[in-house]
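Working notes, beginning with the structure itself.
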Amino acid sequence: MLCAVFIFSFAGCSDPERYEKEKELVGLLREYDAVYTTYMEYLDIAAEAHGNAFVESQPDIPIKFKLMDGQIFLTDEHIKQVTISHNTDNDTYAVNIIYNEIGADIIAEVSSQHIGEPIYIVASLYYDHIDMWQDDAIVAPYINSAITGSVSAITVSSKKEANSLYTYLASKSINRSVKNAILNYNTKCSEYVKKYSLSEYLPNSLSSDTGYIDISDYLQKAEAAGFTE
């Protein structure tokens with residue numbers, strides 16, 4: 001009991017309920033920081049693969065998955081995350097698409113019915129020289145077997161190809177992750193201030209645009225107050 005009281009006091013809070021709410025908010029700040037780090041890494045990869053002009057003109061790339069008959073069965077809304085992995089045995093790369101629950105169910109059903117056929121993954125890209133959006137097939141992998149679970153992998157032969165494909169596929173999910181992290185913190189913070197005043201280690205809100213807010217000072221103060229990871 002003495003230990004618990006010490007912890008609450010050390011965190012600058014003698015109210016256990018307030019302590020838990022502040023702990024949650026600090027956790028959401030860390031999530032925002034981690035997600036934004038991933039976002040900045042994405043921008044670096046995109047710039048390396050396609051150039052800075054591409055990054056500036058294509059901030060949020062819509063993706064559609066089509067069958068041979070043109071039927072759209074998945075979109076970027078079904079993509080939870082995209083990663084790149086490297087197979088050192090044969091020096092190939094894989095772009096791994098991680099689906100949300102609905103997307104995983106759809107890809108499992110469709111892939112089991114279309115083994116041996118290609119999936120056309122189409123990106124909607126803006127071309128400033130003609131001032132138009134245009135759908136371009138960026139890759140057309142064949143379905144070798146039913147895709148069960150929540151992940152499908154597209155194998156490519158070089159890091160350059162992997163980075164290029166990742167740039168297209170990850171655009172929406174990464175931007176969505178940043179926006180969700182901002183929304184999650186702001187929602188919880190607005191609930192918190194109805195009952196408590198903000199401590200010095202909690203910003204009153206995070207910006208709703210994609211510009212990063214440097215929260216390192218807030219996190220350092222939170223750790224000094226006892227909110228360690």
Side-chain angles (χ1 to χ4, degrees), residues 31 34-51 54-55 58-126 133-181 210:
E31 287 180 19
V35 165
Y36 212 93
T37 298
T38 301
Y39 174 70
M40 296 304 295
E41 291 170 351
Y42 165 81
L43 292 182
D44 288 341
I45 292 173
E48 181 181 348
H50 298 282
F54 176 90
V55 174
Q58 316 287 347
D60 218 7
I61 303 171
I63 295 292
K64 292 173 278 194
F65 291 60
K66 292 183 176 182
L67 295 173
M68 292 179 66
D69 61 4
Q71 176 189 350
I72 299 171
F73 65 95
L74 282 176
T75 71
D76 48 74
E77 292 298 320
H78 300 103
I79 298 176
K80 183 178 180 180
Q81 186 182 8
V82 181
T83 63
I84 299 174
S85 57
H86 180 210
N87 186 333
T88 55
D89 292 336
N90 57 15
D91 198 28
T92 59
Y93 292 80
V95 179
N96 308 295
I97 306 172
I98 303 169
Y99 303 97
N100 60 23
E101 187 175 348
I102 295 174
D105 289 341
I106 293 173
I107 195 69
E109 180 180 356
V110 171
S111 63
S112 66
Q113 297 171 356
H114 295 272
I115 294 173
E117 298 179 15
I119 293 175
Y120 297 95
I121 301 180
V122 176
S124 295
L125 302 174
Y126 177 72
W133 289 86
Q134 183 172 309
D135 284 354
D136 288 345
I138 54 174
V139 68
Y142 278 79
I143 303 171
N144 297 320
S145 60
I147 301 170
T148 57
S150 60
V151 183
S152 64
I154 302 171
T155 302
V156 294
S157 59
S158 69
K159 182 180 179 181
K160 183 177 180 180
E161 286 181 88
N163 286 347
S164 177
L165 186 56
Y166 169 81
T167 296
Y168 293 122
L169 294 176
S171 173
K172 279 281 191 176
S173 62
I174 285 181
N175 276 281
R176 189 162 52 242
S177 294
V178 172
K179 292 173 183 176
N180 286 342
T210 54

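Only this structure's heavy atoms are used, side chains among them; waters, hydrogens and symmetry mates stay out. As the structure is a prediction and not an experimental result, all values here were calculated from the model.
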Please determine whether the number of non-hydrogen atoms from other residues, nucleotides or ligands lying under 6.0 Å from atom CD1 of I115 exceeds 12. yes
Taking atom CZ of R176 and atom CG of D60, what is their separation to the nearest 0.5 Å? 8.5 Å
Would you say Y93 and N163 make side-chain contact, with heavy atoms under 4.5 Å? no
Which heavy-atom pair separates P118 from A140 by the least distance, and what is that distance? CB-O, 4.2 Å
Can you see which heavy atom on S111 is nearest to which on S145, and at what distance? CB-O, 4.3 Å
To the nearest 0.5 Å, how far apart are CD in E117 and CD1 in I143? 6.5 Å
Do you see a donor-acceptor pair shorter than 3.5 Å between the side chains of N96 and T83? yes
Distance, nearest 0.5 Å, that separates CD1 of I174 from CG of L169: 10.5 Å
Under the side chain to side chain contact (heavy atoms under 4.5 Å, CB included) rule, collect the residues that match up with A104, sequence neighbours excluded. Y99, S150
Calculate, to the nearest 0.5 Å, the distance between atoms CG and CD1 belonging to L74 and I102 respectively. 10.5 Å
Is the shortest heavy-atom distance from the side chain of K172 to the side chain of P62 under 4.5 Å? yes
Between atom OG1 of T38 and atom CD of E41, what is the distance when rounded to the nearest 0.5 Å? 5.5 Å
Partners passing ring pair (Phe, Tyr, Trp, His ring centres under 6.0 Å) against H50 (at least two apart in sequence or in another chain): F54, Y168
Does the pair I121 and L165 meet the rule for a side chain to side chain contact (heavy atoms under 4.5 Å, CB included), with working shown? CA-CA 10 Å; I121 301 180; L165 186 56; 5.9 Å; no
Report yes if the side chains of I119 and I107 come closer than 4.5 Å at any heavy-atom pair, otherwise no. yes
Okay, side chain of S164, backbone of K160: is any donor-acceptor separation there less than 3.5 Å? no
Which value, rounded to the nearest 0.5 Å, describes the distance between E31 atom CD and N180 atom CG? 10.5 Å
Ignoring hydrogens and geometry, is there a side-chain-to-backbone donor-acceptor pair from S171 to T167 under 3.5 Å? no
Evaluate the criterion side chain to side chain contact (heavy atoms under 4.5 Å, CB included) for residue pair D91 and H86; output intermediate values, then yes/no. CA-CA 7 Å; D91 198 28; H86 180 210; 2.8 Å; yes
Identify the two heavy atoms, one from A123 and one from I63, that lie closest to each other, and give their separation to 0.1 Å. CB-CD1, 3.7 Å
How about K64 and Y120: do any of their side-chain heavy atoms sit closer than 4.5 Å? no
With Y42, which residues qualify under ring pair (Phe, Tyr, Trp, His ring centres under 6.0 Å), at least two apart? Y166
